[in-house]
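Below: one structure, written as structure tokens.
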Amino acid sequence: MNDLDGAGDPLARVIVAARRSGRRAVRDAAPAPRDRLQAYATQQAVARALGARVGGWKVGMLADGTPTAAPMFAADMAASGARWTLPAEGSLVVEVEVALRLARDLPARPARPYARDEIAAAVDAVLVGVELLQSRFAGDGFPPFLLHVADNLGNAGYVAGDATREFAALDLARLRCRYTIDDTQRHDAVGGHPQDDPWTPVLASLMEDALPLGGYRAGQIVTTGTLVPPVTIDRPQRLRATLDGIGAVDVTFVR
């Protein structure tokens with residue numbers, strides 16, 4: 001994939017301006033990507049224009065099995081106990097997720113798909129985290145698919161919680177997940193991942209031949225998709241989530 005800088009990609013310029021100003025852009029401010037290859041190129045252009053370091057990745061899948069991936073910038077990541085300032089415009093969408101912290105690089109390999117055991121062997125620990133989402137584009141909900149991919153799938157931040165290296169015996173598809181908001185329980189269920197098994201979107205994303213920014217690297221985390229219905233946070237609140245066998249994560253939202 002050819003490298004792009006922010007100056008050469010009109011959509012990247014729009015996203016960079018929205019990130020820097022905190023003000024959301026109109027959806028037709030620049031042409032949407034033609035395909036996922038171009039959307040990934042815009043992800044790369046935005047990262048380079050911002051001078052951003054990649055601290056992790058979010059992965060997912062569409063209903064038809066199409067994999068999705070986007071970088072999470074290290075500057076937008078925090079540890080459990082963080083106080084997170086709510087955006088000046090709009091609200092945040094919050095998801096509780098299980099993530100993998102990598103001990104070594106996992107390059108994309110479309111010609112020879114990974115086995116799950118190969119990926120597990122590259123994982124240092126499994127952790128519980130909270131992903132924060134807000135589109136850089138105005139309007140209700142998230143924008144059309146390719147625009148959403150170009151905008152790092154709406155990632156606005158990530159709060160990483162407890163981790164365990166003793167994950168071999170854990171069935172990641174059958175973890176009990178609970179969360180409270182201001183000490184009121186909002187969710188208590190086993191499983192709930194969109195693909196049932198959190199390993200599935202990781203495997204699918206590694207068959208992409210165009211992952212930008214070097215793909216998945218040692219020390220980064222790969223977060224695998226929500227275990228709960230998305231939660232809207234529009235005022236100061238405290239969220240605490242737990243995954244049995246892994247631990248807890250806390251974040252306090254402030255103005």
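- The closest side-chain heavy-atom distance from Phe145 to Leu62 is below 4.5 Å.
- The shortest side-chain heavy-atom distance between Arg238 and Asp250 falls under the 4.5 Å cut-off.
- Counting only heavy atoms from C-beta outward, the side chains of Asp28 and Val26 approach each other to under 4.5 Å.
- A donor-acceptor contact shorter than 3.5 Å is absent between the side chain of Arg176 and the backbone of Gly245.
- Side-chain contact check for Pro71 versus Asn152: some heavy-atom pair is nearer than 4.5 Å.
- The backbone N or O of Val98 lies less than 3.5 Å from a partner atom in the side chain of Thr224, making a donor-acceptor pair.
- Of the possible donor and acceptor atoms, one in the side chain of Thr68 sits under 3.5 Å from a partner among the backbone N and O of Gly60.
- No more than 12 heavy atoms of other residues, nucleotides or ligands sit less than 6.0 Å from atom CG of Asp140.
- Using modelled atom types, one side-chain atom of Arg36 and one backbone atom of Pro67 make a donor-acceptor pair closer than 3.5 Å.
- Using a 3.5 Å distance cut-off with no hydrogens or angles, the side chains of Asp234 and Thr232 do not pair a donor with an acceptor.
- In the hydrophobic clustering of this structure, Ile246 groups with Val251; members are Ile, Leu, Val, Met, Phe, Trp, Tyr whose side-chain heavy atoms approach within less than 4.5 Å, directly or through other members.
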Item to check | Val128 vs Leu175, side-chain contact (heavy atoms from CB on, under 4.5 Å): CA-CA, chis, key distance, verdict | outcome: CA-CA 11 Å; Val128 55; Leu175 298 177; over 6 Å; no

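- Taking both residues in full, the closest heavy atoms of Leu243 and Cys177 are given as CD2-CB, 3.4 Å, listed atom of the first, atom of the second, then distance.
- With values rounded to the nearest 0.5 angstrom, Arg19 atom CZ is found 6.5 Å from Asp151 atom CG.
- Cluster annotation: Leu203 is connected to Leu100 through the hydrophobic network of ILVMFWY side chains, with a link wherever side-chain heavy atoms come within less than 4.5 Å.
- Using cut-offs of 30° and 60° on the angle between ring planes, the pair Phe167 and Trp199 is tilted.
- Dense packing is recorded around CZ of Arg109, with more than 12 heavy atoms of other residues, nucleotides or ligands lying under 6.0 Å away.
- At a threshold of 4.5 Å between non-hydrogen side-chain atoms, the residues His187 and Val231 do not count as touching.
- Nearest heavy atoms, Trp84 versus Ala78: CZ3-CB, 4.1 Å.
- Summarising the geometry of Pro212 relative to Trp57, their closest heavy-atom pair is O-CH2, 3.2 Å, with the distance given to 0.1 Å.
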Checklist entry - Under the salt bridge (Lys or Arg N to Asp or Glu O under 4.0 Å) criterion, do Lys58 and Glu97 qualify, and how do the steps go? => result CA-CA 10 Å; Lys58 60 173 295 183; Glu97 306 190 350; 5.9 Å; no

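- Linking ILVMFWY residues whenever their side-chain heavy atoms come closer than 4.5 Å, directly or via other members, leaves Val54 and Leu127 in distinct clusters.
- Counting only distance, with no hydrogens or angles, the side chain of Glu131 and the backbone of Tyr158 share no donor-acceptor pair below 3.5 Å.
- Listed here is the closest heavy atom pair of Val59 and Ser205: CG1-OG, 3.6 Å.
- At a threshold of 4.5 Å between side-chain heavy atoms, the hydrophobic network of Ile, Leu, Val, Met, Phe, Trp and Tyr places Val14 and Val16 in one connected group.
- Two residues are said to be in side-chain contact when any heavy atoms from C-beta on lie closer than 4.5 Å; Val94 and Leu132 meet this criterion.
- In this structure, the separation between CD on Gln38 and CG on Leu11 is 8.0 Å, given to the nearest 0.5 Å.
- Contact of the Pro201 side chain with the His193 side chain is registered, since non-hydrogen atoms from C-beta on lie closer than 4.5 Å.
- In this structure, Glu166 places its CD atom where only 12 or fewer heavy-atom neighbours from other residues, nucleotides or ligands lie under 6.0 Å away.
- Separating the CZ atom in Arg53 from the CG atom in Asp76 is a distance of 11.5 Å, to the nearest 0.5 Å.
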Checklist entry - Run the side-chain contact (heavy atoms from CB on, under 4.5 Å) check on Leu102 and Ile221 step by step: do they pass? => result CA-CA 6 Å; Leu102 299 181; Ile221 69 168; over 6 Å; no

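- Note: Thr85 OG1 to Arg83 CZ = 8.0 Å, rounded to the nearest 0.5 Å.
- Between Ala160 and Val249, the shortest heavy-atom contact is C-CG2, 4.1 Å.
- The distance from the CD atom of Glu89 to the CD atom of Gln134 is 8.0 Å, given to the nearest 0.5 Å.
- Annotation: side chain of Leu206 is in contact with side chain of Ile119 (closest heavy-atom distance under 4.5 Å).
- Remark: side-chain polar atoms of Asp105 are paired, donor with acceptor, to backbone N or O of Ala218 under 3.5 angstrom.
- Criterion: ILVMFWY side-chain heavy atoms under 4.5 Å apart, direct or through other members. Under it, Phe253 and Ile181 are part of a common hydrophobic cluster.
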Next on the checklist: Would Asp244 and Arg178 count as a salt bridge (Lys or Arg N to Asp or Glu O under 4.0 Å) here? Give the steps.
Outcome noted: CA-CA 9 Å; Asp244 284 4; Arg178 288 166 281 188; 2.5 Å; yes

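- Counting heavy-atom neighbours within 6.0 Å of Arg235 CZ, excluding the residue itself, gives a total of 12 or less.
- The heavy-atom pair separating Ser80 from Ala248 by the smallest distance is OG-O, 4.4 Å.
- Of the inter-residue distances, the one linking Arg20 atom CZ with Arg136 atom CZ reads 13.5 Å to the nearest 0.5 angstrom.
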